[in-house]
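Please read the structure below before turning to the comments.
So you know, we letter chains A, B, ... as the sequences are listed, proteins then strands, and number each from 1.
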Amino acid sequence: MSTNQRLAEQLSEIAKLLEVTGANSFRANANSRAARAIEDMTEDIATYADDREALLEIDGIGAKIADKIIEFIKTGKIEEREQLLREVPAGVLEVLRTPGVGPKTARALWQGKGVESIADLKRIIDDGSILEVPRMGKKTVENIKKALEFAEASGGRTPLGVAAPLAVEFAERMQKVKGVERVGVAGSLRRGRDTIGDIDILVATKDGETAGEAFRSMPEVMQVLAAGATKSSVRVSLEGPIKAETRGKSDEETKAPPAVATMQVDLRVVAPESFGAALLYFTGSKEHNIRLRERALKRELTLNEYGLFPLDDEKSPPQSRGVKPVAAATEEEIYEKLELPWIPPELREDRGEMDLTPEDPPALITLEDIRAELHAHTTASDGAMSIEELARAAKELGFHTIAVTDHSKSQTIANGLSKDRLLKHIDAIREADETVKGIRILAGSEVDILADGKLDYDDATLEKLDIVVASPHWALKQDPKAATERLLRAVRHPLVHILGHATGRLVGRREGLAPDIGAIAEAAAECGTALEINAHWMRLDLRDIHVRTALEAGATIAINCDVHGMGDFDNLRYGVTTGRRGWLTADRCVNSWSAKKLHGWLKSKRESASTA
DNA sequence: GCCGTTTTCGGCCCGACTGTTTTCAGTCG
């Protein structure tokens, strides 16, 4: 875990501990906000050790928290947290993580019944003494029991690529329900986060009863959690464990993935005339919504899921008094009244999108901008398609270029190519390039970056290739400093065009390397090396915040599907979404360039290499 | 504990649902 993550976790723990002790909730909140700010940073927080002023510049960090950060960097601890942990047992935090158990309940369980761990909680559920806790009835206990079982069965959040197809399925079925006028998928799924907590489906209808019933009786539904007039929540089963394609993967990927057995799906029913306000509200993020509401208040307006209303002195909600909204039907008109451009969902994370102006709306990359795939495997290593099949598939998608980049020799499990096999493979690629018209097939390699940063082929061999994608596959538990050195060496190598899946992380399963992305981005910008977003939903590596850092440093981005089989091209959308979350525009993505510009860049790197 | 296009002090987003109550506290997003 990186220093930033460790620090963010400690601050977030402080926030939770404060909530349990019943401290001022704004104080707790301030610690959460600071934790989030640090989590979003890609530069190593340790570099701020001697720069308190710079820390104070960061939004959400004031004098007190700045001191705590410096204390953490210097000592690895925060005394306030130690103090709180002397007061509140650490196990109470575990209990607090149970859905349905908030700070008040956790405190009551702890102080009333001595619950200091999940085991304690289970014990008093079993012996029935939990019912002695105030406001604790049979139903609440039953819900906690189920939540505990669920937590044990699943790893928590679900990968985007697993949740998205399910959401689409639900949305399509809801569209067919009688009376339903519009359907939208909201929540973190719409924002394109790499993992999804629960799926939010929004429907516009005047007949909420019918919609709710149809929703709750979907075949996948295992349990109904809530069934109100405007909101239903269900737990659904996912079809078995994630079907991870093993395809001869060389490392932990072949080990059984954790089964994400179920996930929660929420249905929200809204009136058609407030669909935009509801969609905006349920898309979030929470932080973005808070900013929007603060912005509304400054303009004598108030925003809720029914619309944007004029502010008055009445206490009851405006929609309940028949007040006419200033805007409600579409997101666009609400943003407009708040003097903002329509903000794409991927940017709604309170990461600076509020500074956008209507005159200068963001022009993010789209799926249609992608014209080339620069990372694909064939049957020569661990892919499922021949060179020609791959090329025809890419051509079908309208691409002008496909790069064949099979694994290098150290990837023995993935049938990596020896130098001799690679040379023959290059000939086969050249031949296919002659045969298949209408698309350019590049001869390339996904060459391993060895633990010390050396590449898996010698330079003379790499020189024969049109394109080199260098990726780390082994030694992914290296310390951050070694990882940075290793990747820097690859990025600066004159024969490398693209740094593939830089950290080697697997969403929810493997943390991967934690290199200094800022330093890598700067080197990449300087050397003209592109940094890859690996579009497979299990990887999405670079992450969104890494992309942002790379762009700020002046680097270019590649979005590649890392194709092993036909279906992998479908993952492109997740790569593009991740790019958009990092504020990527088409002109900064090499896969969006014209054939001429792309091939020119690939060649120019080689020319500068030979003159260097 | 942070922050300032009404504020260096006094604010800090808003509503639905559940379950336990008998008018509302707690949790969630």
Decide yes or no for A:Thr503 and A:Arg543: does some side-chain heavy atom of the first lie under 4.5 Å from some side-chain heavy atom of the second?
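With C-beta onward as the side chain, the pair stays apart.
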Please name all residues satisfying side-chain contact (heavy atoms from CB on, under 4.5 Å) with [X], sequence neighbours left out, ordered by chain then number.
X	value
A:Pro358	A:Pro341
A:Lys113	A:Val115, A:Ile124, A:Ser129, A:Glu132, A:Val133
A:Asp67	A:Arg52
A:Pro344	A:Trp342, A:Glu346, A:Leu347, A:Pro362, A:Leu364, A:Arg580

Review item, side-chain donor-acceptor pairs of residues 193-202 of chain A, under 3.5 Å, at least two apart:
from, atom 1, to, atom 2, distance (Å)
A:Asp194, OD2, A:Arg505, NH1, 3.2
A:Asp194, OD2, A:Arg505, NH2, 2.9
A:Thr195, OG1, A:Arg157, NE, 2.7

Which letter, B, S or -, goes with each nucleotide of nucleotides 22-29 of chain B from 5' to 3', with contact meaning a protein heavy atom under 4.0 Å?
---BSSSB
Summary of protein contacts for nucleotides 5-10 of chain B, nucleotide by nucleotide, where a base hit scores B, a sugar-phosphate-only hit scores S (4.0 Å, heavy atoms)
------
[atom1]-based separation of [M] from [N] [nearest Å]:
N	M	atom1	value
B:dT27	B:dT20	P	13 Å
B:dG26	B:dT21	P	12 Å
B:dC3	B:dT8	C1'	9 Å
B:dT23	B:dT18	C1'	15 Å

For [X], enumerate each residue passing the salt bridge (charged side-chain N to carboxylate O under 4.0 Å, His left out) test, keeping only those at least two apart in sequence or located in another chain.
X	answer
A:Arg235	none
A:Lys206	A:Glu181
A:Glu209	none

Look at all strands and tell whether A:Pro317 reaches a base, only sugar-phosphate, or nothing, counting heavy atoms closer than 4.0 Å.
sugar-phosphate
Return the residues of residues 67-76 of chain A meeting this criterion: a heavy atom under 4.0 Å from some atom of DNA chain B. Order them by number, or give none.
A:Lys68
Residues in contact with DNA chain B, drawn from residues 35-51 of chain A - heavy-atom cutoff 4.0 Å:
none
Closest nucleotide of DNA chain B for A:Val141 versus for A:Asp59: which of these residues is on the 5' side?
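Its nearest nucleotide lies further toward 5', so the answer is A:Asp59.
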From the set B:dG15, B:dC2, B:dC17, return the single nucleotide nearest to any side-chain atom of A:Ala226.
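Out of B:dG15, B:dC2, B:dC17, the nucleotide with an atom closest to A:Ala226's side chain is B:dC17.
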For the residue pair A:Arg190 and A:Thr283, confirm or rule out a side-chain donor-acceptor distance under 3.5 Å.
yes
Return the value, rounded to whole Å, for the distance between atom CD of A:Gln319 and atom C1' of B:dC14.
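About 10 Å, once rounded to whole Å.
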